[in-house]
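To find a chain, count down the sequence lines: A is the first, B the second, and so on, and within it residues start at 1. Note: hydrogens, waters and symmetry copies are ignored here, and every other heavy atom, side chains too, is used.
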Amino acid sequence: MKKDIKLSGVGGQGILTIATVIGEAATEAGLHLKQAEVHGMSQRGGDVQSDLRLSTEAIHSDQIPVGGADLIISMEPIEALRYLPYLHEEGWVVTSSRPLVNIPNYPDAAAVADELAALPHVATLDIETVARDNGVPRGANMVLLGMAARYFEILTADQLRTAIRHIFARKGEQVVADNLKAFELGYGQPA
Amino acid sequence: MTTTHQLLLGDEAVALGALHAGLSGVYAYPGTPSTEITEYIQDHPLARERGVHSRWCTNEKTAMEAALGMSYAGKRALVCMKHVGMNVCADAFVNSAITGVNGGLVVLAADDPSMHSSQNEQDSRFYGKFAMIPIFEPSDQQEAYDMMPAAFALSERLRLPVLFRIVTRLAHSRASVTVGSAANENALRPDDDRTHWVLLPGNAKRQYASLIAKQPDIENAAAHSIYNNTEWATQGGGTGVVACGIGYNYVREAAPVGISLLKVSQYPLPAQQIRDMAAQCKEILVVEDGQPFAEEQVRAMLGADYPVKGRLTGDLPRTGELNPDNVARAFGQENCPAFPPAVNLAARPPQLCQGCGHRDVYAALNKVVADYPEARIFGDIGCYTLGALPPFRAIDSCVDMGASITMAKGAADAGLYPAIAVIGDSTFTHSGMTGLLDAVNAGSDITVIISDNLTTAMTGGQDSAGTHKYEAICLALGVEREHLHVVTPLAKNMEEITRILRQEIDYHGVSVIIPQRDCIQAYARKKRQQKS
C-alpha cells in the first residue's frame, strides 16, 4: 500500500508541523517515507508545499508525480486548488475553507468555495474558527490533520495521536493536550 | 557496530555522516539549501562534547581557507555552501587541489536546479572537474550519510579535497536513514612538507604535475566505486540509461521496461562502464539534475555517430530540475492529470513580513526618490531583495553578494546620480566591505544603506558576522563621521529618516546610513526562548 500526500498552505501556517507528525507516525509504523519540504525564501508569506510519500514498499522519487496524489491537505483554499493537477482521480482534498488574503488579486472567495465544492471528494472546514471557538487557537493545523486522518488508511488515528504526543512532548503537557483536542475536533467532523 | 534508524533531511544525513567520520570542524556561510548541515552539527550533542568547530564564517572563501588550515593541521574538515558560494571560494578551492590536503577535506556544494532560492542554476560538478578532484553525488539520504566517511577516506588516501554535490530535492527531503557509530577524530599532525603548501611557481609546477599524475588513480576509484553500478537488461539492444545522483530515483519511479541502467554517484564518469553499455544498447539517455555535465562527456566519449539523448536533445528539459513527470516523458510515458488546473488561482509570491524594518526602509526610500527621478537603487541578496516586488518595486538590480555597493560605484563613475545601494548587514560583511573601501578611496558619489536587522534573516536567522560593529567598520574603512548615520526604521521616525536620506543624496561623496532594528522573526524566536 502507498499514500502520496500533498501538503500545502502559506508560509508560516504550520504545514511543516503537520508533516513532522505524519513523519513520526510513519516511522513508528515502520513504513517507508519520503518527505520533500520547501525551505528558504518562499517561507516568507508565499505559497509553500510539501510532498509526503508513505508506503509499505521502497519509495524512489522524493516528489509526487502529476495525477498521483491520494490526498491534498491544505491550510488554505486556493493553496488546495493550486495542486489539483497532482490529485489522483479517486483522491481526496481536505482543506481549510478560510481564505488567507495577503495578495491584492486574491480570487473571488465564493468562486473558490464553489470550485472546491464541485470536486468529487472534498472536505472543507473553517479550521481557524473551530480551533478558536474551542479554546485551542493555535491548533488549526491539528484540526486539519484530524479531518485528514479519516482518509489516511495507511496510518490509524491512534498512530497519529501517539505521534502528536511525541512531537509536542518537549513543549509540555498543556501543549500536548491542546493539540490532541484540536485533532479530535477535526477527526469528529462529519465527512 | 550498533545501528539505529533516524528520520533525516538530506542535509542532516550529510552532517551526521561527517560527524561520524570523525569531523573536527565545519566551516560555512548560510545559504539555501545548505544551511541545515551546519545547524545540525551546531546542535548535535556529540559535536558539543567533542568541541567540533561549527561557528558561522563571514563568507565561503574564509570558510574554505579555514577548512584547508584545519586539514593542514591533520584533522578532518567540511566546508558547506550553496552552489553560488563556490564562485566566492573558487580561488581557495581550486588551489586546494594544487596544495593537496593532509587531514580529509570535503567541500559540499548544494545546487539549486529550478532556482527555488537562487539567482542561477549552475552545476557544481563543473568545479570538481575543473579542479580535477573526485566528486561524490549521493542519490538518496542513506547514501548522503554513507558516502561522507567514504569521501573523507578517499580525500586522505589521495591527499586531495573531494567535492560532495547535492541538490535541493535531496537536501530538503526527509527519509529514514540507518546510522552507525562515530569514528574518532584525527590527532593534531601538521604537514611539515612546505613544498606542498608554499605555492611559489617552482613548487606549484611540481604540485600541478603531481595532481595530473593522480588522475588515473582518481578515475580508478570511480570506476570501481560501490556507488557506480550497472543493472543490465535481460536482452541487449534496448536503451542504456546513465542516471546521475537523484536522477536515478526518477528513473526507478518511471520503471521503464527493457532498459540497462548505470547509476553514477562518483566521478570522474566511469568511462569503461559507459562504453560497455553503449556496446550493448542502441542509444544512451543521460538523466542528471542540473546542467548537461555528464551528457557532454558521454557524447565526446562515444563519438558523433552514437545516439546520446538528454537535456541537449530536448528529451529532457534544458532548464529546471528533474521530476518524476519529465523523466517519465523521456521514456515515452505521460503522467496525466485527472483534474485540469484550477480556475480560481493567483500567484502568491513571498513578501517582507508585516512589521519588518526593511519595509520602513523602502517606504522612506520610495518617498525620497520620488523627488529624484534619475535615481537608481542597486539591491543585494537577502530578504530585502523582496523590495523588488510590489508594493515597493524599489530596486533596480540584484546580482550577487555585495554587488549593490560596487555597481552603484560603477554607475556613479559613469555619471549616474543619485546612485544608491541597499545591502543587508550579513551581506555587507560577506562581500560589501571591500567595495565600500573602493568607493571611499575613489571619493565616489554614492549613498549606501546598510539595512541591519542584526541577523542573517533569509536563511532562518543565523548569527551575522558584524553585529554591533557596522559603524566601527565603516569608520575604519574611511567613511566620514558626519556622513555616517544610524537610524531606527519605524514609521514614527519617517521624518528623520527621509531628511537624512535627502541630505546624504545631496552630499557628493560616500555616505552610509544604517537603519538598525531586530528582524521581527528573530526577535519573536528570542522572546519564545526566554519564556521557555
Visitor: Is the shortest distance from a Lys or Arg side-chain nitrogen in A/Asp178 or A/Lys181 to a carboxylate oxygen in the other one below 4.0 Å?
Guide: no
Visitor: Under 6.0 Å from the CZ atom of A/Arg132, do we count more than 12 heavy atoms belonging to anything else shown?
Guide: yes
Visitor: Give a yes or no on this: more than 12 heavy atoms of other residues, nucleotides or ligands lie within 6.0 Å of atom OH of B/Tyr523.
Guide: no
Visitor: Where does A/Asp51 contact chain B at under 4.5 Å (heavy atoms): side chain, backbone, both or neither?
Guide: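 Contact with chain B is absent: no heavy atom of A/Asp51 under 4.5 Å.
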Visitor: Under a 4.5 Å heavy-atom cutoff, which of B/Pro390, B/Cys353, B/Ser176, B/Ala347 has the most pairs with chain A?
Guide: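 Most heavy-atom pairs within the cutoff with chain A belong to B/Ala347.
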Visitor: Check each atom of B/Leu345 against the heavy atoms of chain A and say whether the ones under 4.5 Å are side chain, backbone, both or neither.
Guide: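 It is both, since atoms from each part get that close.
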Visitor: Report the residues that fulfil salt bridge (charged side-chain N to carboxylate O under 4.0 Å, His left out) with B/Asp146, sequence neighbours left out, ordered by chain and then residue number.
Guide: none
Visitor: Contact part of A/Leu54 toward chain B, heavy-atom cut-off under 4.5 Å: side chain, backbone, both or neither?
Guide: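 No part of it gets close to chain B.
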Visitor: Can you tell me which of B/Ser173, B/Ala255, B/Ala171, B/Ala175 forms the most heavy-atom pairs within a distance under 4.5 Å of chain A?
Guide: B/Ser173
Visitor: Where on A/Tyr86 is there a heavy atom nearer than 4.5 Å to chain B: the side chain, the backbone, both, or neither?
Guide: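 For A/Tyr86, the contact with chain B is made by the side chain alone.
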Visitor: Please look at B/Cys336 and chain A and tell me whether the side chain, the backbone, both or neither of the residue comes under 4.5 angstrom of a heavy atom of that chain.
Guide: backbone
Visitor: So which of A/His88, A/Glu24, A/Lys34 has the biggest tally of heavy-atom pairs under 4.5 Å with chain B?
Guide: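 Heavy-atom pair counts peak at A/Lys34.
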Visitor: Just checking B/Glu334: does its CD atom have more than 12 heavy atoms from other residues, nucleotides or ligands closer to it than 6.0 angstrom?
Guide: yes
Visitor: I would like to know whether A/Met147 and A/Ile127 meet side chain to side chain contact (heavy atoms under 4.5 Å, CB included); could you show each step before the answer?
Guide: CA-CA 10 Å; A/Met147 286 172 72; A/Ile127 55 173; 4.0 Å; yes
Visitor: More than 12 non-hydrogen atoms from neighbouring residues, nucleotides or ligands closer than 6.0 Å to CZ on B/Arg393, yes or no?
Guide: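 No, the 6.0 Å shell around CZ holds no more than 12 heavy atoms from other groups.
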Visitor: Examine whether an atom of A/Ile64 lies under 4.5 Å from a heavy atom of chain B, and if so say whether it belongs to the side chain, the backbone or both; otherwise answer neither.
Guide: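 It is the backbone, since no side chain atom gets that close.
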Visitor: So which of A/Glu89, A/Glu79, A/Glu37 has the largest heavy-atom pair count under 4.5 angstrom toward chain B?
Guide: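 Ranked by heavy-atom pairs under 4.5 Å with chain B, first place is A/Glu37.
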Visitor: Sort out for me which of B/Arg174, B/Arg169, B/Arg252 touches chain A most, counting heavy-atom pairs under 4.5 Å.
Guide: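 Option with the top pair count is B/Arg174.
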Visitor: Flag yes if more than 12 heavy atoms outside A/Lys171 fall under 6.0 Å of its NZ atom; otherwise flag no.
Guide: no
Visitor: Taking it one step at a time, do B/Gln119 and B/Cys398 satisfy side chain to side chain contact (heavy atoms under 4.5 Å, CB included)?
Guide: CA-CA 9 Å; B/Gln119 68 271 45; B/Cys398 165; over 6 Å; no
Visitor: Please classify the contact of A/Ile103 with chain B as side chain, backbone, both or neither, using a heavy-atom distance under 4.5 Å.
Guide: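 Contact with chain B is through the side chain of A/Ile103 alone.
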Visitor: Among residues 321-329 of chain B, which ones touch chain A with a heavy-atom distance under 4.5 Å?
Guide: B/Glu321, B/Leu322, B/Asn323, B/Pro324, B/Asp325
Visitor: Check the orientation of A/Phe183 and A/Tyr187. Use parallel for under 30°, tilted for 30 to 60°, and perpendicular for over 60°.
Guide: parallel
Visitor: Does the side chain to side chain contact (heavy atoms under 4.5 Å, CB included) test come out yes or no for A/Asp70 and A/Lys2, once each step is laid out?
Guide: CA-CA 9 Å; A/Asp70 302 290; A/Lys2 66 105 190 166; 3.3 Å; yes
Visitor: B/Pro33 versus chain A, heavy atoms under 4.5 Å apart: side chain, backbone, both or neither?
Guide: neither
Visitor: With a 4.5 Å cut-off on heavy-atom pairs, point out which of A/Thr27, A/Asp108, A/Asn105, A/Asn102 contacts chain B the most.
Guide: A/Asn102
Visitor: Checking B/Gln141 against chain A: side chain, backbone, both or neither under 4.5 Å from a heavy atom?
Guide: side chain
Visitor: Can B/Tyr227 and B/Lys263 be said to form a side chain to side chain contact (heavy atoms under 4.5 Å, CB included), step by step?
Guide: CA-CA 7 Å; B/Tyr227 300 110; B/Lys263 169 180 171 291; 4.3 Å; yes
Visitor: Kindly assign one of parallel, tilted or perpendicular to the pair A/Tyr151 and A/Trp92, based on the angle between their ring planes and the thresholds 30° and 60°.
Guide: parallel
Visitor: Any idea which of B/Ala346, B/Gly460, B/Pro340, B/Pro341 has the most non-hydrogen atom pairs under 4.5 angstrom with chain A?
Guide: B/Ala346
Visitor: Assert yes or no for the condition that the ring centre distance of B/Tyr362 to B/His358 is strictly below 6.0 Å.
Guide: no
Visitor: Which one of B/Ala338, B/Ala457, B/Pro337 has the most heavy-atom pairs closer than 4.5 Å to chain A?
Guide: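 Looking at each option in turn, the highest pair count goes to B/Pro337.
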